[in-house]
Structure formats: C-alpha cells, structure tokens
Amino acid sequence: MNREQVETNLPILPPPKEKVTFFQWLKDNLFSSWYNTLFTIALSILLFSIIKGTLTWIFIDADWSIVTSNFKILMSGQYPAVQLWRVWLCIVLLASLLGFSSGIWNGTITHLSIFLGSLLFISGILPFVSLETRIWTFIGLAILIVGHFIGKKIPIKKTILIGWFLLFPIAIFFINGFGVLPKVGTNLWGGFLLTILLATVAIVCSFPIGVLLALGRRSKLPTIKYFCIFYIEFIRGIPLITILFVSSIMLPLFLGQGVELNNILRAMIGLTLFNAAYLAENVRGGLQAIPRGQYEASHALGLSSPLMTCFIILPQALRSVIPAMVGQFIAIFKDTTLVTIIGIIDILGMAKNVAQNPQFLGQQMEVFLFVAVVFFLFCYALSYTSRRIEKSLGVGER
Amino acid sequence: MLEEFNDTTPLEDRENIIECKDLNKWFGDLHVLKNVHLNVKKGEVLVVLGPSGSGKSTFIRTLNALEEIQKGTITIDGTTLTNDLSDIETIRKETGMVFQQFNLFPHMTILKNIMLAPIWVRKWPKDKVEKIALELLDRVGIPEQANKYPGQLSGGQQQRVAIARALAMQPKIMLFDEPTSALDPEMIKEVLDVMKELAKTGMTMVVVTHEMNFAREVADRIVLFDYGEIIESGTPEEMFDNPQHERTKLFLSQIL
Amino acid sequence: MNTTTPFWRDKRIKPILLQLLFVIIIGIAMFYFINNALTGLKRMGLSLSYSFLNSTASFDISGDKLIEYSATDKYSRAILVGFLNTLRVAILGIIFATIIGVILGIARLSNNWLARNTSKVFVEIFRNTPLLVQMIIWYSAVFLTLPLIGDNYNFANAIFLSNRGIAIPWFKPIDITWIWLSFIVLGIIGAVFTWKWKIKQQVETGKRKYPSIWVFGTLLLSIIFPFVVTQSGPFTLSIPEINPNGRSFVGGFVISPSFGAVLLALVMYTSAFIAEIVRSGIMGVNKGQVEAAQSLGLKSSTMLRLVIFPQAYRIMIPPMTSQYLNLTKNSSLAVAVGYPELVSVGNTILNQSGRAIQMITIMIICYLTFSLITSLLMNIFNKYTQLVER
C-alpha cells in the first residue's frame with residue numbers, strides 16, 4: 001500500500017456563517033409540518049384572544065382605585081406612618097449590601113440587584129405613592145448604584161459578609177424597636193411587610209433546627225435518629241394549615257399560663273417548625289451526596305466527629321443544596337399566605353379586608369391580581385436566581 | 001447465518017465503502033474537523049489513533065450522523081448523507097456503532113436489548129431475531145446471561161453485549177468509539193478478543209482506540225488525528241516502525 | 001493494658017449515655033407540655049374524651065355532600081362528609097393535574113416555538129404565585145362575580161353560568177345503561193387484547209398487521225353492537241333547569257363555586273410543577289441512550305416509546321409522589337373558600353365544641369393516612385419498575 005501524502009497544519013478557519021433568514025426561522029420553528037402549522041394557527045388564535053381580553057381589561061375595564069388608595073396598608077398594614085422610616089432604613093441597608101456585593105462578586109447577585117433596583121425605581125415613579133416613599137426609593141436606588149461602583153473598586157468582602165449576617169437582627173431591631181426606639185409590636189405588623197418578615201423569620205430560625213434534624217437523621221444513635229425521622233415525616237405528612245391551627249390554638253395550652261404569645265409570634269413558631277422539617281430533607285440530600293472518601297479522609301487526619309461535621313461535611317453539603325434551599329424559601333414565602341386563614345392580616349388578608357369595603361365593591365379581581373403579581377415578581381426573581389446558582393454550581397448538568 | 005465477507009481480492013483493488021470528502025466541523029468557533037479526506041475499503045480494518053481532543057471521536061460519530069458536519073460529504077455504501085431523514089436511516093441501518101459507555105438500555109434484558117432494533121427497524125420475525133440474538137451471545141461468549149439486565153453484568157460483558165446488539169442488525173460496517181476506555185484492565189482483553197474475531201470474518205471496521213497492540217495486530221491501516229486533521233496514515237508497520245511526521249513520533253513516544 | 005478507661009470515654013458506653021441524656025431532655029419537655037395542657041383543660045372544664053363525636057352536630061353543610069347529611073346528624077357523620085369531600089377533590093385533582101401537567105411538560109420539549117414558550121409562561125405564572133391567592137381569585141373574583149341565578153349566562157339553555165355554580169348537562173343512567181356499559185368495557189378490553197395480539201403477530205412475523213386499525217374496528221363494533229341490540233342510546237341527557245324557587249338548579253351536573261375554585265386552583269398549580277417534573281424526567285434520560293437508539297436506526301417515535309419513556313417515568317415517580325401528596329395536603333386550603341372538606345368541617349366543629357385537641361388529632365390522623373397510603377402505593381409501583389442493578 002502506498003503511503004498517502006497528507007497535507008498537515010491546515011489553517012484554523014472560522015465556521016461558515018449560517019444565515020438563518022426570518023422565513024427560514026418561521027418555517028423551522030412554527031410551520032415544520034402540516035400538523036405543526038395547524039397547531040400554531042389554533043394556538044395563535046387562542047393566545048390572541050386571551051391576551052387581547054386581558055389587556056383590554058387591565059387598561060380599560062379594570063378600576064385600580066382599590067389598589068392605589070390602599071397601597072400603603074397593603075404593603076405595610078397598620079405599621080405607624082411616623083415610624084415607617086425604620087422600615088425604609090432596612091430596605092436602604094439591604095440595597096447597599098446588594099449593591100456592594102454585586103460590585104464585588106458580580107455574576108448572579110448582579111441580577112438580583114438589578115431586580116431590586118428596578119423594583120425601587122418602579123415604586124418610586126408610581127403616580128399614587130407619597131412624596132416620602134419617592135424620596136426613600138430614590139435614596140435606596142442611589143445607594144444601590146453607588147455601592148455597586150464602590151464595591152468594584154474596593155473589595156471589602158469581609159465587611160459585606162458580616163453585614164449580610166447582621167442584616168436580619170438589625171432589621172428586626174429597627175422594625176420592632178424593643179423600647180430603644182418606640183416599640184412597634186408584632187401586633188402592628190401587617191401587609192406585605194408582615195409577609196416578608198414571616199418568611200424570613202421562618203427560614204432563618206428553621207435553618208439551625210433543620211441542619212440539626214438532618215444530622216440527627218443520619219446519626220448512628222438510634223434514639224436520636226428515630227426521633228428525627230419521626231419529626232420530619234410527621235410534619236411532612238400533614239398540611240401546614242393544621243400546624244398553624246396547632247400553633248394558634250394549642251400552643252398557649254402547652255406553654256401554660258405564664259407565657260403570653262400573640263397571634264403573629266405563634267404563627268412564626270408554626271411556620272418555623274414546619275419549615276424545619278422540609279429544610280432538613282434538603283440538607284440531608286446534600287449530606288448524602290458527599291462521597292465516603294471525605295469522611296474517611298477526615299478521620300484519617302484525626303478530626304473528631306464534631307470538627308469533621310463542622311469544617312468538612314456541612315460546608316460542602318450546604319453549598320450543594322443552595323438551589324434547593326432557595327426553592328424551599330420560595331415555597332415558605334408563598335405558604336405564609338395561609339396565615340390569613342387563622343386571622344392574621346398579611347398582604348392577602350389585607351386584600352380580603354379592603355375587597356369587602358363597600359367603597360370598592362366589585363374590585364376583588366384587581367386587588368387579588370395585584371397580590372398575585374407582587375408574589376410572582378419576588379418568586380420569579382428568586383427562582384431565576386436559584387436556576388443560575390444551580391448552573392454555576394454545575395449541579396444537574398449531565 | 002452471519003455471512004462472512006471473506007474476500008480474496010487484495011484490499012487496494014476493492015471498492016470504497018466509506019468515502020469522506022472535505023469534512024469540516026465546528027463546535028461554536030472551535031474548528032474540530034479540518035478537511036478530513038478518508039476512504040475505507042470493503043473489509044478493511046481502519047484504526048484511528050490520536051491524542052484526546054484531536055477530533056477522532058467526533059469523526060467516527062459523523063459517520064453515523066450523530067454529529068452534523070457543516071462542510072463536506074460522507075458517502076456510505078453508496079448513500080450520501082444529507083438532511084433527508086431516510087438517508088440517515090439507511091446509513092444507520094448499515095452501520096453498527098459501539099460506544100465507550102456501552103449505552104445498553106438498562107430497563108431491558110440482554111436478549112431484548114439485542115432484539116430491539118432487528119424487530120422494529122428490520123422488521124424481521126421474532127423467532128428469527130431470537131435465534132440470531134442467541135447465536136451472537138454465544139459468539140461473544142456470554143450465552144448464559146441472556147435474561148439478565150445490563151446492570152447485573154460487568155463492564156466487559158456489557159460491552160460484548162453492545163457489540164452483539166450492533167451486529168444483530170447485520171450491518172456492513174462496524175464503528176467502535178473507544179470501546180475499551182471505560183473498562184477495567186482485566187476486562188479489556190475479552191472485548192478486544194471479540195473484536196479480533198470479528199475482524200477475521202472480514203467485517204469492515206473503523207476503530208477509535210488507545211490500544212496500540214490491537215492496532216498493530218489487527219489494523220490494515222492506521223490514521224493519526226491531531227488538532228482535527230489527519231497527520232499521517234499508513235500500515236501498522238510503517239506507522240510504528242517508521243513514522244514520518246514529527247507529531248506522529250511525539251505521539252508514539254508518549255504512548256508507548 | 002489493664003488501666004480502666006473512664007466510662008465517659010468508653011467507645012461502647014458513651015453513645016448510650018448520650019442517648020439517655022437525649023431521652024431525658026425530650027421526656028422532661030414532653031412532660032412539661034402535656035402537664036400544662038392537662039391543667040389548662042381542667043381549668044376550662046374540658047376533657048380529652050372523644051364521646052362528643054356522638055352528639056348532634058346541629059350545623060348544616062351547604063353545597064357539596066357526597067352522602068346524606070343534615071344538621072341533626074352526629075359530629076362523626078359531619079367529619080365523614082368532610083373526609084369524602086377531601087378525597088373527591090384530591091382524586092379528581094390528581095387525575096386532571098397529571099393529564100395537564102404531562103401535556104405541558106411535553107409541550108415544553110416541543111420543536112414548535114409557540115407551544116414551547118406558551119407552556120413555559122403558563123408554568124412560571126402558576127407555580128410562582130401562592131396557591132391560596134389563586135384559589136381566592138377563582139372563587140371570589142371569577143365564580144362569585146358570575147351573574148345571579150335569575151339572569152345567568154346560558155348557552156342554548158343547557159349550560160348555565162351563575163354565582164350559584166356552573167350547571168352542565170350530564171348523563172342520566174336508564175335501565176339499559178348497564179348493557180351499554182358492559183359492551184363498552186368488553187370492547188375496551190377486547191381492543192387492548194387485539195392491540196397486543198396484533199403487535200405480537202407483527203413482531204413474530206415481521207409483517208405489518210395494522211394494529212391501530214384493528215383497535216379502531218373493535219371499538220367501533222362495541223358501540224354499534226349494543227345500539228343494534230337495544231335500539232336506543234346508552235343514557236338520557238339530564239339538562240339542568242332553574243328550580244322554581246329561583247335559588248338552585250335541578251338536574252344536570254352542578255359545579256359549586258367553591259368546589260370549582262378549589263379544583264381549578266389545585267389542578268393549575270400542581271400541573272405547573274408536574275410539567276417541570278415531566279420535562280426534567282425526559283431530559284434526565286442519559287444522552288447515550290438516545291445515541292445508541294439512533295445508531296441502531298430506530299425511528300424517533302419508536303425510540304420515545306421503547307427507550308426514553310420507560311426510563312423517564314422511573315425518574316419521575318419519586319417527585320410525582322411528593323406532588324400528589326402536596327396536592328392532597330393543599331386541598332386543605334379549601335377552608336378559605338368554604339368548600340366543606342376535612343379541615344373546613346373540622347374547624348367548624350372545633351369552634352363549636354371547643355374540642356381543639358381531639359379535632360386536630362383527627363385531622364392529623366386522616367392526613368397521615370392519606371400520606372401513608374399514597375407513599376405506599378407509589379413505593380410499590382416504584383419497586384415494581386425499578387432497574388435491576390448488581
């Protein structure tokens with residue numbers, strides 16, 4: 001056989017430009033076969049009528065006065081107007097932290113600060129909000145943007161991380177006051193502010209319990225293990241509403257006469273106990289994904305079990321379950337609406353109240369749709385973030 | 001049953017069964033196949049060597065239309081690959097492919113794995129297919145595993161089943177994409193033995209592999225890929241004992 | 001090595017001590033809580049007995065009842081009404097949510113751009129808004145804003161939309177219905193067997209046997225035959241009419257506003273999650289499987305049927321189980337729109353009789369039973385279909 005002469009060191013060429021014309025795109029994506037064409041046409045007609053109907057309703061038929069004149073109580077309930085600056089201060093603090101973080105780390109967090117920024121901007125230019133609101137939203141927006149650029153120049157990572165950890169206690173301190181500032185008790189919390197606080201308290205407080213339950217479920221000590229299994233499976237087996245009933249009706253009974261808890265604190269306890277069980281299952285998923293080798297290596301290095309858990313196992317496990325935990329946060333955030341059933345006035349409860357006001361008769365759709373949109377914005381932003389984190393962690397990729 | 005193609009005409013006088021002209025492929029901006037020109041004769045055993053990332057796997061996958069090419073033509077057994085689905089179907093019927101990761105269907109027994117395609121693609125009657133399947137299992141040395149599931153078999157056994165599955169379609173060409181790379185060392189031999197047997201029957205084979213001994217022993221011709229192009233081509237003796245190209249020498253020195 | 005190790009360092013004793021400590025702490029806490037509860041109950045003059053279940057409920061359940069019930073019945077019967085209503089909405093919800101979810105999930109993988117994106121928008125909207133908000137929108141902003149029963153919307157005097165519910169024509173069995181029913185059941189069984197038989201023939205001989213035409217023929221026969229025998233249709237249509245008192249419908253099938261809202265909200269919400277499960281299940285099948293099937297020359301429909309789906313649904317079973325459980329648990333939100341299911345009825349009894357502990361215990365036991373049965377069924381199914389591994 002003769003040896004072929006082969007040409008080598010061929011140049012690296014750019015790929016041929018594939019020109020996809022508009023019509024080609026249409027053909028490939030909408031009209032690739034007769035049934036696809038039929039389907040596209042039918043669906044287009046359906047969608048057109050739905051979208052047309054919705055838009056006419058939103059812009060012509062709907063009467064949004066129920067939302068515009070009740071905006072303040074929908075968002076912050078009975079929170080005293082003179083003390084509202086404290087809530088705004090917390091939002092500004094959040095904006096500055098987000099701004100700095102997005103400047104320092106870039107990536108996914110930037111998307112979140114764009115979300116917060118546009119939210120602030122939109123609420124600032126809404127025609128019906130008070131001047132005070134406008135000023136605060138633009139302060140927040142300005143700080144967000146300034147923070148972003150400072151963060152790019154001066155990466156003060158540690159300060160910002162500490163800031164994130166302190167955000168929750170600081171926010172609770174400012175919103176409540178605890179007597180240092182004039183006290184605004186939980187009984188005055190309401191509206192969307194309450195929704196956010198309920199969700200945050202539930203997630204923050206249930207986190208340590210959830211981690212302990214997850215570790216306990218994997219423990220070698222049978223009593224601890226079975227106690228944790230029982231707790232987790234029991235809570236996951238019953239609806240949240242029964243747990244809220246238990247916490248609002250039976251908790252005072254269990255705690256005896258000495259302890260007085262108001263309705264909102266009881267709901268918080270219920271939500272926390274509920275969420276802990278679900279969080280525990282998420283964390284357990286992360287623990288299970290850790291290869292045996294990590295345990296063996298840690299033991300071989302002479303780390304004791306608690307040290308190994310704290311420094312080797314948990315950090316890896318928690319990191320890998322971030323997306324699942326964001327998902328759980330979205331779930332509990334949506335589930336906080338259930339507190340309306342036990343008579344707490346969160347944003348949904350407030351919407352129900354104003355819908356019953358004879359002044360706004362027949363405007364239920366407007367106000368409930370407003371509530372739905374508020375939830376959608378937050379949940380969508382969070383689930384978008386969680387998907388991005390998932391991608392950057394490389395979880396779920398094949 | 002399985003026709004043997006033992007042909008006595010010398011290789012160079014036979015007709016081409018695979019003809020590749022000017023193959024070019026890009027992954028995004030990455031130029032992975034550059035003007036690849038390659039013909040394979042009927043009954044020839046062609047071994048494709050090359051460092052990882054050289055485009056050799058991509059090349060063999062284009063032959064089965066698992067990867068699209070942006071420029072060039074591939075003609076297999078007289079059929080030229082176009083966007084026409086029926087051409088792709090014809091070509092896939094005539095070529096069997098064996099993957100690095102076996103890719104057996106985990107929810108079917110070994111026997112069902114082998115019988116699936118002949119029944120649904122060739123539309124042969126079931127008893128005929130079953131007979132072929134059992135015979136093939138016998139030929140690859142695991143007749144007793146017919147009713148087990150892939151998950152119950154060792155890697156080497158799974159790969160032999162994968163070969164049997166491809167052969168059950170009675171293809172004219174067999175493509176092997178690194179068939180032994182995912183195997184433990186002690187299992188490599190059992191798979192290579194099956195492939196050697198197959199080569200003796202006169203089957204046309206294109207094999208991407210890192211097994212140098214197999215290449216030296218079985219190949220009629222070896223081509224070396226690097227950076228998406230064919231650097232050198234020749235008989236095993238020529239390639240191993242008298243490499244011409246610098247990069248061939250380098251590659252061989254690293255691997256031997 | 002005879003120096004005694006202190007007992008708290010002994011590898012065998014330490015775990016026992018730890019567990020003992022744990023049990024003591026839990027025990028003290030439990031004792032404290034239960035003791036408080038008991039003294040509290042004593043102070044309020046309530047007992048922990050369940051005998052109140054036998055006393056008269058003296059409240060009416062309006063609307064949806066699957067069994068006869070009136071205010072003179074016992075509490076236990078009221079609970080049974082609620083229990084059956086929960087089952088009804090949960091089972092219907094699971095069926096519809098699965099159907100819609102599967103369609104949406106497959107649409108998300110369609111090569112039709114419009115279908116893909118419509119499905120995506122639907123999924124995002126419905127899973128990112130709280131179920132309770134959706135339910136209240138359906139109930140108070142859609143169903144209750146329909147016109148009064150007197151000036152209802154109606155289509156051809158057969159379908160009525162009003163704030164008392166939606167009434168549609170429904171089948172009313174007549175005495176020959178069972179003949180029809182048995183023929184159709186026979187027909188379906190026959191069709192399944194014909195399909196299997198023809199496919200088997202096709203596989204065995206390798207010749208086309210047109211199984212779908214055979215199935216169609218069998219089904220057609222099962223409709224023609226009873227018609228010829230009975231000389232009549234299978235049932236009469238019961239068309240709804242407005243009750244002379246002008247406050248309800250007679251005949252037909254009436255979907256009450258609360259039931260409609262609960263079912264619609266549960267189905268929409270859950271189907272959005274199921275769509276994602278279906279999508280990721282199909283995407284989750286190893287790419288190598290597709291390549292292997294392609295390289296064997298399988299057509300894409302055959303590949304989907306024999307290679308992709310059988311593997312995808314194994315991936316889908318566990319998350320589907322938890323969605324079914326969620327749907328059942330979420331049906332408890334119906335209390336907010338007054339659909340008389342378990343929690344709603346339980347809540348009424350709780351408020352009326354003050355038997356909080358007993359009622360909550362009953363609810364918890366019922367839901368735990370639902371959960372256990374569902375998980376059990378799905379586990380059996382899962383085991384049955386699991387891949388055999390070494």
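For B:Trp124, the part sitting under 4.5 Å from any heavy atom of chain C is the backbone (N, CA, C, O) and nothing else. Contact of B:Leu175 with chain C is not made at all, since no heavy-atom distance falls under 4.5 Å. Residue contact with chain B, scored on non-hydrogen atoms closer than 4.5 Å, involves the side chain of C:Thr302 exclusively. Heavy atoms closer than 4.5 Å to chain B are found in the side chain of C:Lys299, but not in its backbone. With a 4.5 angstrom heavy-atom cutoff, B:Thr95 touches chain C only via backbone atoms.
Rounding to the nearest 0.5 angstrom, the gap separating the CG atom in C:Leu296 from the CG atom in B:Asn103 is 10.0 Å. Atom NE2 of residue B:His107 and atom CD of residue C:Gln289 lie 7.5 Å apart, to the nearest 0.5 angstrom. The distance from the CE atom of B:Met169 to the OG atom of C:Ser295 is 9.5 Å, given to the nearest 0.5 Å. Annotation: the span from B:Met97 atom CE to C:Glu291 atom CD amounts to 7.5 Å, rounded to 0.5 Å. Considering CZ of B:Phe105 and CD1 of C:Ile308, their distance stands at 8.5 Å, rounded to 0.5 Å.
Other residues, nucleotides and ligands contribute only 12 or fewer heavy atoms inside 6.0 Å of the NZ atom of B:Lys21. Residue-environment remark: CZ (C:Phe193) stays at or below the threshold of 12 foreign heavy atoms within 6.0 Å. The number of heavy-atom neighbours closer than 6.0 Å to NZ of C:Lys200, taken from other residues, nucleotides and ligands shown, is 12 or below.
Residues passing the side chain to side chain donor-acceptor pair (under 3.5 Å) test with B:Glu89: none are found, sequence neighbours excluded. When the side chain to side chain contact (heavy atoms under 4.5 Å, CB included) test is applied to C:Phe183, the partners found at least two apart in sequence or on another chain are C:Ile179, C:Phe225, C:Pro226. Under the rule for a ring-ring contact (aromatic ring centres under 6.0 Å, His included), the partners of C:Phe126 that lie at least two apart in sequence or sit in another chain are C:Phe122.
The interface of residues 53-69 of chain B with chain C, defined by heavy-atom distances below 4.5 Å, comprises B:Arg61, B:Asn64, B:Leu66.
Contact count versus chain C (heavy atoms, under 4.5 Å) is highest, among B:Met115, B:Lys148, B:Arg165, for B:Arg165.
The side-chain heavy atoms of C:Pro310 and B:Met108, taken from C-beta on, include no pair separated by under 4.5 Å.
Residue B:Arg92 comes nearest to C:Gly297 through the heavy atom pair CB-CA, 3.9 Å, listed as atom of the first residue, atom of the second, then distance.
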